[in-house]
Protein chains: 2
Amino acid sequence: MRADAKRNRDRIVDVAREVFREKGYDAPLDEVARRAGVGAGTLYRHFPTRDALLDAIMQSWVDRVNEATEKTLAFEGSDRDLLVGWLETYAGLISLHKGGPAKITSAMGDPDSPIIGKCQVLAQASQRVMDRLDAAGALRPGVDAVGVCKLVGGVATVADNADQPLSTVRPLLEVVADGLLR
Amino acid sequence: MRADAKRNRDRIVDVAREVFREKGYDAPLDEVARRAGVGAGTLYRHFPTRDALLDAIMQSWVDRVNEATEKTLAFEGSDRDLLVGWLETYAGLISLHKGGPAKITSAMGDPDSPIIGKCQVLAQASQRVMDRLDAAGALRPGVDAVGVCKLVGGVATVADNADQPLSTVRPLLEVVADGLLR
DNA sequence: ACCTGAACACCGTTCAAGT
DNA sequence: ACCTGAACACCGTTCAAGT
């Protein structure tokens, strides 16, 4: 890749992260191009779809997911507290930008989604937490990690769609936790 | 209202119901106007916003909600079966058209929503079912009907966004039920 | 009083012309 | 090889002119 191309690509990703944070995942791409100082065509050359751009943005976010997972696994307390904590952490991770919860959760089972890789990171994180709880004999039988992701994703989507802070749905996450625990 | 105005209004509602069923709640309004044989301005005169049109469409749907509620209340079986059955019924009622679950659930706590009346019908239905379970001492303390609506709405939204049939999320509804029951 | 449909605005996407 | 930006498509919304 030519040096100027790489520079443009990087600028687009940085600017997009900013714009999406301000206006949500469905912000006009035109504005991204404008602020990045490139033509619309350049944006489309690098990222043929909005999802391709999202995927690039989420690159750095993977580290945050893994960090949060380690923290959860190191938690020393009751199984319920660990689970509720993880559900809140998970909801927070997918609610970074407006539109995120719906986007990520609906990709969560679609092998053809352009952001499937990022979903797998999340699903595996969730799996590790469930494994730990299962080893302790704390889970009801038949609980699968992807299902948990969808359930919490649904709750986060509700809060996001209604423009309400995640804290308002904490009681719902507790219901989910109680439904998952033995 | 003049006779021709009423005729146009009725035609618009009928056609919109059809178009929304075919293409979801965000189908082009242009198509509704065209199929109804009216100008775009006429549609906007009668229904200044898309939500106002939705609200009109959902008028007949209220009967169906009440019918389903009666059926649930008359159910003779275990509390868990009753609850799971209601959650599935509820999910079905809000999933009539694509986009419905998100639309209805995000309006579910916003007093300014144009479809708030329809949400209240749902919330009250949910309340009656919870009351019956509560009278039987089956519910965990602190469960409120609107919360249940949001939770199930979240699950239905997930299925709807991913273009998957509701049956795929039945296990998730069981988790919710277990979380609600004592 | 109500209707029509052209016109405008907005935004996603493409592509011919330029470097 | 990459970029620009005008041009096109699509759809929501308004409004002047008509009945």
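Side chains are part of it too, since the values below use all heavy atoms of this structure and drop only hydrogens, waters and symmetry mates.
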Take atom [atom1] of [X] and atom [atom2] of [N], then tell me their distance rounded to the nearest Å.
| X | N | atom1 | atom2 | value |
| --- | --- | --- | --- | --- |
| B/Leu29 | D/dC10 | CG | P | 17 Å |
| B/Asp26 | D/dC11 | CG | P | 11 Å |
| A/Glu31 | C/dC11 | CD | P | 9 Å |
| B/Tyr44 | C/dC8 | OH | P | 18 Å |
| A/Tyr25 | C/dG12 | OH | P | 16 Å |
| A/Asp30 | D/dA7 | CG | P | 16 Å |
| B/Phe47 | D/dT14 | CZ | C1' | 18 Å |
| A/Leu43 | C/dC15 | CG | P | 17 Å |

Are A/Gln164 and A/Val158 close enough, and set up right, to give a side chain to side chain contact (heavy atoms under 4.5 Å, CB included), and what steps lead you there? CA-CA 9 Å; A/Gln164 288 190 342; A/Val158 166; over 6 Å; no
Side-chain donor-acceptor contact under 3.5 Å, B/Glu70 with B/Asn66: no
Residue met sooner reading DNA chain D from 5', once A/Arg2 and A/Gly37 are mapped to nucleotides: A/Arg2
Hey, which of these two, B/Thr42 or B/Arg50, hits DNA chain D nearer its 5' end, going by closest nucleotide? B/Arg50
Backbone of [Y] reached by a side-chain donor or acceptor of [X] within 3.5 Å:
| X | Y | result |
| --- | --- | --- |
| A/Trp61 | A/Ile94 | no |
| A/Lys98 | A/Lys23 | no |
| A/Arg140 | A/Leu181 | yes |
| A/Ser113 | A/Gly109 | no |

Counting only side-chain N and O atoms of A/His46, is one of them less than 4.0 Å from OP1 or OP2 of D/dC3? yes
How would you list all residue pairs meeting ring-ring contact (aromatic ring centres under 6.0 Å, His included) that involve residues 62-119 of chain B, not counting sequence neighbours? B/Tyr25-B/His97
D/dA9 -> Watson-Crick or G-U wobble partner, both distances under 3.5 Å, gives none
Partner nucleotide of D/dC3 by Watson-Crick or wobble geometry (both distances under 3.5 Å): none
Which part of the nucleic acid, if any, lies within reach of B/Ala5 when heavy atoms closer than 4.0 Å are counted: base, sugar-phosphate only, or nothing? sugar-phosphate
Among the candidates C/dC2, C/dG5, D/dG5, find the nucleotide nearest to the side-chain atoms of B/Ala40. C/dG5
Among residues 6-17 of chain B, which contact DNA chain C at a heavy-atom distance under 4.0 Å? B/Asn8
